[in-house]
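Below: one structure, written as structure tokens.
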Amino acid sequence: MKQIPHDVFRAVRRIHGGVPVPHQKNTAGCEITRIPTPTQVMLSMRQHIGAPCAPIVKVGERVTVGQKIADTDAFVSAPIHASVSGTVTAIGEHLLPNSIRAGVITIESDGLMTLCPEIAPPIVQNTADFLKAVRESGLVGLGGAGFPTHVKLTVPPEKHVDTLIINAAECEPYITVDYRECLDQSRDLLRGVYLLLEQFNFKRIIIAVEDNKTDVFYHLQKIAQDVRDRTHAVQLMTLKSRYPQGAEKLMIWAALGRKVPVGALPADTGCMVLNVTTVSTLYRYFKTGKPLVSRSLTVDGSAVAEPKNVRAPIGTSVRDILDFCGGLTTEEPYKIIAGGPMMGFALPHADFPTLKQNNAILAFAQGEKFVKPERNCLHCGRCNRACPLSLMPAKAEGALQLGDIDTLRRIGTETCMECGCCAYTCPAGKPLVQHMRLAKEHIQKEATKA
Amino acid sequence: MSKLVTVTAPPHIRAAETSTGVMLDVLIALVPAQIAAVWIFGWRSLIVTLVCIGTALVSEWGIRSLFKKPSTLGDLSAAVTGTLLAFCLPVGVPLWMAALGTAFAIIVVKQFFGGLGHNFANPAIAGRIFLLISFPIALTTWDLPKAAVTTDALTGATPLAILKTGGDAPDWLALLLGQHGGSYGEVCAAALLLGGLYLLCKRIISPIIPLVFIGTVAVGMFLAGGLDAAFAARQVLTGGLLLGAFFMATDYVTSPMTPWGKVLYALGCGGVTLVIRLWGNMPEGVSYAILLMNIATPLLERVTQPKIFGSVKKSQKASKEQES
């Protein structure tokens with residue numbers, strides 16, 4: 001492996017805890033290939049954190065790629081655009097992988113992928129125009145959380161943001177789409193970085209990459225010389241590879257040594273974190289005016305015949321994507337996961353549509369069960385040591401059984417970001433993330449009662 | 001693919017380490033001490049260990065069947081308890097007595113409280129104290145090492161008892177190799193250190209408890225003995241301190257999981273050991289010290305909870321709210 005160039009900045013802090021997950025970046029060498037246009041897409045009305053959208057098209061209506069088909073007046077939300085051209089065949093409801101019901105628009109594709117005639121690069125004269133345009137792009141955080149990008153970029157006037165961190169940590173196992181984005185779309189990425197620099201006058205923009213992806217540093221360095229950076233604001237930074245380094249708050253701690261207080265936002269500590277693919281997609285939108293209608297996904301796992309990185313229209317069914325990758329190697333897979341193996345959602349079947357924030361589809365065979373017999377908690381404290389936030393997940397189970405809200409609060413349940421380090425490391429095989437989720441729900445229920 | 005596939009909460013991958021693996025590592029770490037015991041005291045030591053392990057497994061299986069609970073023999077924790085209890089007995093202990101102590105440890109101390117993870121005291125320690133109180137003579141009759149047995153002396157005092165009365169303890173090599181009277185699993189300091197090192201290297205135990213526990217006893221004895229380093233070193237190498245500090249005080253279930261909790265707990269263990277050894281009417285106090293600190297564990301854990309990342313102190317929070 002190549003050495004990291006010496007002029008790359010080093011992280012200023014190391015995160016507490018975390019776990020040494022197996023990297024499994026098997027698809028690192030696979031360029032992103034476009035899947036053939038699916039016959040049908042299903043676009044969920046909940047593809048982001050915040051308010052769900054409402055359809056603005058009718059059954060039977062013809063739509064074109066990039067045409068807005070759903071929107072809402074709520075600020076924390078992002079509009080949804082048709083990802084294929086064709087006819088709206090149904091508007092109904094479906095169940096999301098996290099068991100929440102949401103509206104869904106089904107579009108039968110005509111196979112032509114006709115672009116919406118209204119698409120044109122947005123005209124930007126001031127920051128308000130810029131933010132409005134970002135909202136119209138339907139862009140959300142493509143790293144997995146799906147937070148609407150325009151909300152992130154909207155900084156209240158009393159807060160001063162001096163640093164932008166571009167998150168290319170990609171610390172979840174298997175996933176390599178951000179890595180590919182850095183290599184194959186590095187020009188778009190850097191132009192996106194300069195676009196943001198121009199708009200927001202950041203003092204520093206840090207592109208943070210884990211130290212197991214050395215070629216990214218060389219590549220970005222080489223490309224960076226093409227685009228002029230007069231103020232030397234844009235810097236590359238290496239982070240020690242450790243899961244969950246890419247979590248927003250931990251990223252800020254590692255890169256800047258700033259702690260985001262519990263309940264506060266990154267803007268409170270003067271910084272902003274954007275995923276690398278989000279930034280390059282943002283640039284492409286401002287160049288072409290084409291909103292977010294497709295995204296890249298890593299397809300991997302022991303049950304996938306040909307692991308690949310693919311680009312698929314949003315709303316393509318998991319089955320279509322798996323079929324493009326040679327289908328499954330087994331009749332009865334053990335698990336199908338939307339997202340990474342640490343934080344992704346397990347799907348009960350392959351007919352779920354992909355969402356904007358899905359960055360991977362993983363399928364595992366029966367042989368690879370990754371389960372341990374569940375035994376009594378040993379009280380060993382590994383969960384506490386692995387927790388990057390120093391919470392005590394081991395205490396949640398007992399407190400839940402007792403309905404002990406005080407203890408649930410004391411161990412920091414509400415701060416938990418469900419990164420899964422505790423359950424990963426637990427020798428007794430406890431479903432600790434599930435306990436923490438139940439505990440959160442319990443606290444919320446109790447709060448609404450009072 | 002027609003059937004539905006498994007759905008669980010994340011994470012969907014897990015580290016390979018299991019509870020059984022942890023217990024197996026503890027058993028492996030105890031092997032050197034058993035080999036040393038056979039070398040020093042003969043094959044009877046192995047028989048006592050096997051009787052204790054056997055009783056532990058049978059008691060665990062029996063009581064769980066009686067309670068109509070699933071068997072937990074597979075986690076090996078009963079085997080660990082049996083071995084640890086055996087190691088703090090004299091080699092000449094009647095076998096029925098060893099079995100009785102083990103059954104008490106497993107049934108009363110461990111399973112009555114809900115089994116592994118729920119017991120408030122270390123079962124091996126509690127079992128030993130139960131035996132010591134019930135059968136004080138048998139439990140303090142120390143057979144001499146095979147090499148030291150003469151025609152008219154089969155048993156003798158332990159080095160700790162000799163130290164207490166101000167006599168001459170065995171020389172360094174004998175202390176390190178365990179060529180002196182005492183519980184058969186506790187005598188060989190070298191074997192215990194080897195096992196402790198194994199647990200530390202495999203990251204099964206944290207170094208905090210053994211270091212602070214042994215450190216407290218060493219420093220305390222050094223001061224109490226009139227700045228006599230040799231006296232302090234003898235105190236560390238003899239009695240149950242090494243077995244206790246590496247294998248018993250570090251028991252996950254009955255020690256705090258927080259780093260500062262571990263420090264306080266080990267300080268307490270060391271402190272109580274010092275008090276009993278220096279001023280108590282017994283030569284040895286390690287097991288009582290650990291038992292007492294076991295009881296304090298939930299409290300220590302509560303007052304030493306690590307600071308949550310990004311948590312704001314109450315006073316700061318209040319002042320911030322006033323500002324805004």
Side-chain angles (χ1 to χ4, degrees), chain A residues 16 19 21-22 173 249-250 253 259-264 328 330-337 341-350 362 364 370-373 375-381 384 388-392 394 410-412 415 418 420 423-429 431 433-434 437, chain B residues 1-23 25 69-70 72 74-75 77 114-119 203-206 208 250-259 261-262 297-298 301-302 305-313 316-317 320 324:
Chain A
H16 170 267
V19 284
V21 290
K249 289 185 175 184
L250 304 179
W253 172 244
K259 265 187 192 175
V260 181
V262 173
L328 295 175
T330 158
E331 267 301 292
E332 289 178 29
Y334 166 59
K335 252 184 199 176
I336 300 175
I337 300 157
M342 292 299 283
M343 289 185 80
F345 286 97
L347 304 176
H349 53 78
L362 304 175
F364 292 110
F370 299 122
V371 280
K372 307 179 197 180
R375 298 186 187 279
N376 281 355
C377 170
L378 277 174
H379 197 254
C380 65
N384 176 240
L389 305 178
S390 299
L391 312 182
M392 299 182 96
R410 187 168 55 82
I411 61 170
T415 355
E418 300 174 17
Y424 176 85
T425 188
C426 178
V433 173
Q434 202 170 353
R437 283 183 178 168
Chain B
M1 199 197 101
S2 47
K3 276 190 265 174
L4 295 181
V5 288
T6 318
V7 171
T8 65
H12 307 290
I13 53 172
R14 300 289 189 116
E17 197 180 32
T18 59
S19 304
T20 309
V22 170
M23 294 300 165
D25 270 331
K69 293 256 162 98
T72 48
D75 65 25
S77 64
L116 180 65
H118 296 299
N119 44 300
R203 301 184 139 239
I204 300 292
I205 59 171
S206 129
I208 299 176
T250 54
D251 170 29
Y252 292 150
V253 181
T254 53
S255 65
M257 61 166 99
T258 60
K262 284 189 167 79
T297 291
E301 204 167 81
R302 199 176 162 138
Q305 186 187 335
K307 199 173 154 255
I308 293 168
F309 184 87
S311 64
V312 191
K313 271 189 201 154
Q316 281 178 0
K317 211 178 188 175
K320 252 189 193 168
S324 58

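Every chain is numbered from 1 and lettered A, B, ... according to where its sequence line falls, protein lines coming before strand lines. Bear in mind the structure is a predicted one, so any value in this text is a computation, not a measurement.
- Residue A:C377 touches chain B through its backbone alone, counting heavy-atom pairs closer than 4.5 Å.
- For a residue to count as touching a neighbouring chain, one of its non-hydrogen atoms must lie under 4.5 Å from one of that chain's; by this rule B:I204 touches chain A with backbone and side chain alike.
- Contacts between A:L378 and chain B at a heavy-atom distance below 4.5 Å involve backbone atoms as well as side-chain atoms.
- Of the atoms belonging to B:T250, not a single heavy atom falls under 4.5 Å from chain A.
- Among B:T20, B:I13, B:T18, the residue with the largest count of heavy-atom pairs under 4.5 Å with chain A is B:I13.
- Contacts with chain A were tallied for B:P70, B:G21, B:P11, B:G114; B:P11 has the most, counting heavy-atom pairs under 4.5 Å.
- Of the possible donor and acceptor atoms, one in the side chain of A:N376 sits under 3.5 Å from a partner among the backbone N and O of B:L116.
- With B:Q305 contributing its side chain and A:M392 its backbone, the two residues share no donor-acceptor pair below 3.5 Å.
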Give the intermediate values and the outcome of side chain to side chain contact (heavy atoms under 4.5 Å, CB included) for residues B:E17 and B:R203. CA-CA 11 Å; B:E17 197 180 32; B:R203 301 184 139 239; over 6 Å; no
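- With a 4.5 Å cut-off on non-hydrogen atoms, A:A394 touches chain B through its side chain but not through its backbone.
- Both the backbone and the side chain of B:V7 have a heavy atom closer than 4.5 Å to some heavy atom of chain A.
- Inspection of the A:K335 and B:T8 side chains reveals an N or O donor paired with an N or O acceptor under 3.5 Å.
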